[in-house]
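A quick write-up on the structure given underneath.
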Amino acid sequence: MTKPLLPAVDAAGQLREVAFALLLHRRRPVEVADLAAATGLRLDAATGAVATLATTGWLDLDESGRVAGAAGLSLVAGPHRLTLGDAQCRTWCAYDALGIAAALGGHALVETACGQCAAPISLAFRSGIPERSGPERLWLADGGRDLRGSFCTPTVLLCGDTHAAAWESAREGHGRSLDLAEAARHGAADWAGCATAAGRLA
Ligand SMILES: [Zn+2]
Ligand SMILES: [Zn+2]
């Protein structure tokens, strides 16, 4: 029995953060029993919460029902590449890649492509700070009920102002465009709980 990492207040939030931390630490899929132990949840409660989170796109499960992705970080699938130290990961959207790199505060490399023209984009982080603030922009979708389809899929980097404007007009303004420094600042706040959980494991 592992000592609980966090008090279980909001089961869904705790599960996501602890799953993120365990994935990052172990770099292999996480058994639900390990999540239950690490959060202090009962196994049946953790099993139910994991199933609900997976159905709504907040966790990835592998074919054995183990957690393989959480809080945007995936060991298996995702269109954006995120290298954290020597760990190769994928992320569900471009904001996940920037936010996780910023919140963890280490050296990282984000590799993706312009959502409009598919030109490759790579962005290094030093101590959680992106090496530049532009010319690329992040489109942060407003999202809706379906996390992956309504938020992650349209949340991409654009190679510059022209393609950011084209992407925005095709989305009919359902979101906002940020420069890389703003995106990293927002992301650092949004992934702060995940980074704290990861820090407790390190
Ligand atoms: Zn995402
Ligand atoms: Zn472009």
Side-chain angles (χ1 to χ4, degrees), residues 12-13 15-21 23-24 50 52-61 67-84 87-104 108-123 125 128 130 132-171 174-180 182-195 197-198:
L15 276 172
R16 287 205 299 270
E17 291 175 0
V18 170
F20 173 94
L23 285 171
L24 195 63
V50 163
T52 303
L53 287 167
T55 304
T56 49
W58 288 91
L59 291 176
D60 286 333
L61 301 184
V67 175
L73 181 78
S74 179
L75 299 181
V76 287
H80 315 273
R81 184 189 305 274
L82 174 62
T83 305
L84 297 164
Q88 303 276 344
C89 309
R90 313 292 301 190
T91 69
W92 303 338
C93 70
Y95 183 51
D96 300 329
L98 298 180
I100 292 165
L104 292 176
L109 182 66
V110 173
E111 293 168 281
T112 182
C114 174
Q116 188 71 21
C117 71
I121 295 171
S122 78
L123 177 68
F125 281 70
R132 61 181 190 271
S133 62
E136 297 88 349
R137 297 190 68 85
L138 175 79
W139 177 255
L140 195 58
D142 285 342
R145 291 195 330 191
D146 165 21
L147 175 70
R148 302 298 173 89
S150 64
F151 179 76
C152 290
T153 302
T155 292
V156 296
L157 287 182
L158 289 312
C159 63
D161 288 340
T162 307
H163 285 172
W167 193 258
E168 176 166 2
S169 99
R171 309 271 103 55
H174 294 307
R176 60 203 168 109
S177 154
L178 303 175
D179 74 25
L180 299 176
E182 292 167 329
R185 272 201 306 279
H186 280 277
D190 281 345
W191 272 269
C194 286

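The chain is numbered in sequence order, starting from 1. Both ligands and their constituent atoms are indexed starting at 1 by order of listing. All heavy atoms count here, side chains included; hydrogens, waters and symmetry mates do not.
- To the nearest 0.5 Å, atoms CG (Leu138) and CG (Leu158) are separated by 8.5 Å.
- We find the CZ-OG1 distance between Phe125 and Thr83 to be 12.0 Å, quoted to the nearest 0.5 Å.
- Taking a cut-off of 2.8 Å, the protein N, O or S atoms nearer than that to the Zn ion (ligand 2) are Cys114 SG, Cys117 SG, Cys159 SG, His163 ND1.
- Geometrically, Arg171 engages Trp167 in a cation-pi contact defined by less than 6.0 Å to the ring centre and at most 45° from the axis.
- Ser74 and Arg90 form no side-chain donor-acceptor contact under 3.5 Å, judged by distance and modelled atom types alone.
- Both cation-pi conditions hold for Arg148 and Trp92: the charged atom is under 6.0 angstrom from the six-membered ring centre and inside a 45 degree cone around its axis.
- In this structure, the side chain of Tyr95 does not engage the main chain of Cys152 through any donor-acceptor pair within 3.5 Å.
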